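Just so it is clear, the model here is predicted, and its values are computed rather than measured. For the numbers below, each heavy atom of this structure counts, side chains included, while hydrogens, waters and symmetry mates do not.
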Amino acid sequence: MKTYIMMFGIANFISGGPIYGCNKINFLKERGWNVILFPTNQGKVYIDGLKEYSNECYSFIHRNPFGFPKKVRNKFLKQLIKKIDLNSEEIIIETGTDFTAYWGELLAKEINAKHVIYLLDEHNERINGDVIDFWKFKRLRRELFCISPIVMKKYFEKYEDIKDDECYSFKAYCTNSIKDYENEFSKKIKKGDYTIGIVGRLEKVYVNNIINTLCKFSKDHSDKKIVICLFGGAPSNTIKQIKNMLKKYKNITYYISGYMWPIPLNALKKCDLFISGAGSARITANINIPTIAMDVYNGKVIGFIEDCKKPYLVANLNNKKSLETYINEVLLYNKKIIVKNNIELDKYWDIICEEFDKQLEKCLNKDINKEYYDLEKIFSNFSMKNKIYKGFVFLFGYRFSEYLRKIYCIIFNKNI
């Protein structure tokens, strides 16, 4: 028996991360692997393939392990090890964030497993000079991958200049998110003179730029009915901010789906144009709806997606065209966008499995001996915030410390 272990959040939100995770789990099961998932949160699970894991929660994984006294840390590790068949002929641990990566490295060392990190975010401010030696170690061992070579370069740009062939990446397929069905949200949408959609998490940096531009567009065309469909969710304060911006314009009708999966195909087809970021933009370009991609780092416009195989993450600084210009080209001047390398919806799974087979082959690389980073090197160099939290855990235990942390966050509207 071969065992594959993953750690990620499954509840209360939808993003590319858990969709990718669900795809990976389904693939591994098809290939005969025993899959263990350690969910880092509890609540409403929107993705069908993850609902079977909703009865368990390992919320401590969502806290950096160096925020716990060593005794507490070891207790949590034993809790994880209990779920693992240590007689497996092969054990691979995959993580995708900074905090899961540290737990993954500690766990791998305890059970003599392989630990591979697939960073799913385009940026993470917690991966900084205090901890960069760990990430260098994993990269040099070819146990760290990003969603594109550009992303890996950006993670390390302050610390070292990496050659292109040393920027290890993989495709985190999560765009198989469309289904030909109808739900209450799709029934609700009524087309306008111009119907514009956004797909993805609505707290992303580029969303504010999109909303501001669409408000200006509606002001310039006050005689037209503008319909804006937001396929995604966000924290309540973000939703409130978006609503406050849009309701100022009488000619705007807006629909916000909240967290929803899969996305109804007929709802997407009601839109004349989409403006989205990262992998979300490919979802609608792939079904031949004109789609403008946004820079996930600075919120600037990249341009039309015209090739579904090409990565669209960073804006060309020499591009002088504004987002409004791209919008006008489609809605006012009827520019036709021809998209290459589309994937038929019923062929998606075969392509996903082909990519995941390559990833699994990299994980099983027999040429790489097992070796683990000594995380004690960075455990002694963590922030004052973590020191305070660690002190509370030492004095009051984990559960009560988490209760105090949540109360603090609510009172002071902070995230610690």
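Aromatic ring orientation, His123 versus Tyr297: tilted (interplanar angle from 30° to 60°). The aromatic rings of His62 and Phe99 sit tilted, their planes meeting at an angle between 30° and 60°.
Distance check: Asp133 CG to Asp374 CG gives 11.5 Å after rounding to the nearest 0.5 Å. Between the OH atom in Tyr168 and the CD1 atom in Ile117 there is a gap of 14.0 Å [rounded to 0.5 Å]. For the atom pair Trp103 CH2 and Ile61 CD1, the distance stands at 7.5 Å (nearest 0.5 Å).
Here Tyr255 and Phe231 keep their ring centres 6.0 angstrom or further from each other. Between Trp261 and Tyr46, the ring center distance fails the sub-6.0 Å criterion. Between Phe76 and Phe38, a ring centre-to-centre spacing not shorter than 6.0 Å is recorded. Ring centroid separation for the pair Tyr173 and Tyr20 does not come in under the 6.0 Å cut-off.
Comment: Glu143 does not engage Lys370 in a salt bridge, judged by the lack of any side-chain N to carboxylate O separation of less than 4.0 angstrom.
Applying the 6.0 Å contact sphere to CD of Glu361 captures no more than 12 heavy atoms from other residues, nucleotides or ligands. Annotation for Lys191: atom NZ counts as buried by contact number, over 12 foreign heavy atoms lying within 6.0 Å.
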Let's go through Ser88 and Asp85 carefully: what are the C-alpha distance in whole Å and the side-chain angles of both, what is the deciding distance for side-chain hydrogen bond (donor to acceptor under 3.5 Å, both in side chains) to 0.1 Å, and is it a yes or a no? CA-CA 6 Å; Ser88 298; Asp85 185 348; 4.7 Å; no
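Here the closest heavy-atom approach between residue Trp349 and residue Asn23 is recorded as CH2-O, 3.3 Å.
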